[in-house]
2 protein chains.
Amino acid sequence: MTISNLSDGEGLRLAAADAGLLEGGIRSAGLKVTAPRLAVLRALTDRPHSTADALFGVVRADLPGTSLQAVYGVLASFTSAGLVRKIEPAGSPALFERRVGDNHHHIVCTHCGVVHDVDCAVGHAPCLTPADALGFDVRAAEVIYWGLCAQCQAESALP
Amino acid sequence: MTISNLSDGEGLRLAAADAGLLEGGIRSAGLKVTAPRLAVLRALTDRPHSTADALFGVVRADLPGTSLQAVYGVLASFTSAGLVRKIEPAGSPALFERRVGDNHHHIVCTHCGVVHDVDCAVGHAPCLTPADALGFDVRAAEVIYWGLCAQCQAESALP
DNA sequence: CATTTTGTTTTGAGTAAATCAAAACAATTC
DNA sequence: GAATTGTTTTGATTTACTCAAAACAAAATG
């Protein structure tokens, strides 16, 4: 599979527009630019908080030869290169997003599973300092809010 | 397997002392009191932040006939009865603890995986209010701090 | 431009953690 | 003590993910 069959038909113009940005991001992370990587990164741009499997579904539409393992491989390399962030909410397969480098958190619907980004709670870097760090050298604080999303609240209020 | 072969030998006195408390806890959660449930609850008292598998290892020493699935079943019933809390740190199998009902969080060592409880960060119920809840009815905030524990810091500083 | 090197993807197998279902069984209720 | 209800065992199954070797493509090099 070569980069030249990356896109076809109506996706071509969009792909051409994005390609530079996506490609630059991958390249400047010190990774080789390949068709599966471009496809995964594009899919993730459109659909943040996706599972590997969901991304595989999107990617294989663009690039039919792509394997699920390739998607896992791409995501692993992106994650360790700091190009994407992996989140693992309880009870869910891992989710991935392109928004990295800021200290943002997530809010997850306990009913439908939808995930949204939320900015940090209190002031500058809230929750980044535990009451007592017990001698740990704390590097990160991960916050997940759980609750009912607006739509599921509305649905649960129906007769 | 009956409750009568719950313990033997030197564990008997301790078991007798605990049995009332453990039994009362299970019963008042509306669950039947069984040998596997007592054994799991006792194991969890001694070793908070254990996996189902680790608890299975402890329980089968007391109660050799116990199956791993029984341990999963016991933990599921305890969790939904509010008798234990299940935590699922990224990259780890689920951990269980008896400390419930308070809003405490966890600090996990990125190197050795050890988990400790930490009280809430700032004031009363910090992090319980996101900057913007996006219409969600927020019910819980889960905070996990990641860092190097004191021992792993010491070991990484060696020649 | 051709070649080599390095890194990526495919193919296929394998694993860990957890779940499901039916039959056997035990705790509580009556 | 019998009936009822809930729990545990047994055994199979699933999901999410990982590993390894061979095939292959991208980038570096001459």
Side-chain angles (χ1 to χ4, degrees), chain A residues 1-6 19 22-41 50-57 59-60 62-81 83 86-96 113, chain B residues 1-6 19 22-41 50-57 59-60 62-81 83 86-96 113:
Chain A
M1 177 176 316
T2 68
I3 250 185
S4 55
N5 64 350
L6 181 158
L22 298 174
E23 204 176 315
I26 295 169
R27 206 179 296 280
S28 60
L31 299 170
K32 287 185 179 173
V33 177
T34 67
R37 284 177 175 173
L38 287 168
V40 168
L41 201 52
S50 291
T51 62
D53 204 62
L55 292 169
F56 174 55
V59 164
R60 79 190 323 186
D62 266 16
L63 215 56
T66 312
S67 68
L68 176 59
Q69 287 85 333
V71 174
Y72 275 109
V74 167
L75 291 169
S77 63
F78 282 0
T79 301
S80 68
L83 214 57
K86 180 183 188 180
I87 61 173
E88 297 174 65
S92 163
L95 306 177
F96 297 85
Chain B
M1 178 174 316
T2 68
I3 250 185
S4 54
N5 63 350
L6 181 158
L22 298 175
E23 203 176 317
I26 295 170
R27 206 178 298 279
S28 59
L31 299 170
K32 287 185 178 173
V33 177
T34 68
R37 284 177 176 175
L38 287 168
V40 168
L41 200 54
S50 292
T51 63
D53 204 62
L55 293 169
F56 174 56
V59 164
R60 80 190 322 186
D62 267 16
L63 216 55
T66 313
S67 67
L68 176 58
Q69 287 85 334
V71 174
Y72 275 109
V74 167
L75 290 169
S77 63
F78 282 179
T79 302
S80 68
L83 213 56
K86 180 183 190 179
I87 61 173
E88 296 174 64
S92 163
L95 306 176
F96 297 85

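Chain naming here is simple, since letters A, B, ... match the order of the sequence lines and numbering starts at 1 in each. None of the values given here were measured: they were computed from a predicted structure. Only heavy atoms go into these numbers, but all of them, side chains included; no hydrogens, no water, no symmetry mates.
The line from OG of A:S77 to CD1 of A:I26 is 8.5 Å long, rounded to the nearest 0.5 Å. Distance CG/B:L55 to OH/B:Y72: 10.0 Å, rounded to 0.5 Å. Of the inter-residue distances, the one linking A:T34 atom OG1 with A:E23 atom CD reads 10.5 Å to the nearest 0.5 angstrom. The CD atom of A:Q69 sits 8.0 Å away from atom CZ of A:F56, with the distance rounded to the nearest 0.5 Å. Interatomic distance, CZ of A:F78 versus CG of A:L41, reported as 5.0 Å (0.5 Å rounding).
Using a 4.0 Å heavy-atom criterion, one finds that A:L31 contacts the sugar-phosphate atoms exclusively.
Remark: P of D:dT9 and CZ of B:F56 are 9 Å apart, rounded to the nearest angstrom. The distance between atom OH of A:Y72 and atom P of D:dA20, rounded to the nearest whole Å, is 18 Å. Between the CG atom of B:D62 and the C1' atom of D:dT8 there is a distance of 17 Å, given to the nearest Å. Atom pair B:L68:CG and D:dT9:P shows a separation of 10 Å (rounding to whole Å applied). In this structure, B:E88 atom CD and D:dT15 atom P are separated by 17 Å, rounded to whole Å. Separating the CD1 atom of A:I26 from the C1' atom of C:dG7 is a distance of 14 Å, rounded to the nearest angstrom. Atom P of nucleotide D:dG6 and atom CZ of B:F78 are separated by 17 Å, given to the nearest angstrom. Atom-to-atom, CZ of B:R27 to C1' of C:dT29 comes out at 13 Å; the value is rounded to the nearest Å.
Phosphate proximity of D:dG6 to B:T34: absent, as no side-chain N or O sits under 4.0 Å from OP1 or OP2. Put simply, A:T51 has no side-chain N or O that comes within less than 4.0 Å of OP1 or OP2 on D:dA16. For D:dA26, the OP1/OP2 oxygens have no side-chain nitrogen or oxygen of A:R37 closer than 4.0 Å.
Of all nucleotides listed (D:dG11, C:dG12, D:dT8), D:dG11 comes nearest to the side chain of B:Q69. Residue A:P93 places its side chain closer to D:dA16 than to any other of C:dT19, D:dA16, C:dT10.
Residues B:K32 and B:L95 both approach DNA chain C. Their nearest nucleotides, taken by heavy-atom distance, put B:L95 toward the 5′ side. Across the interface with DNA chain D, nearest-nucleotide mapping of B:V74 and A:A94 shows B:V74 to be the residue nearer the 5′ end.
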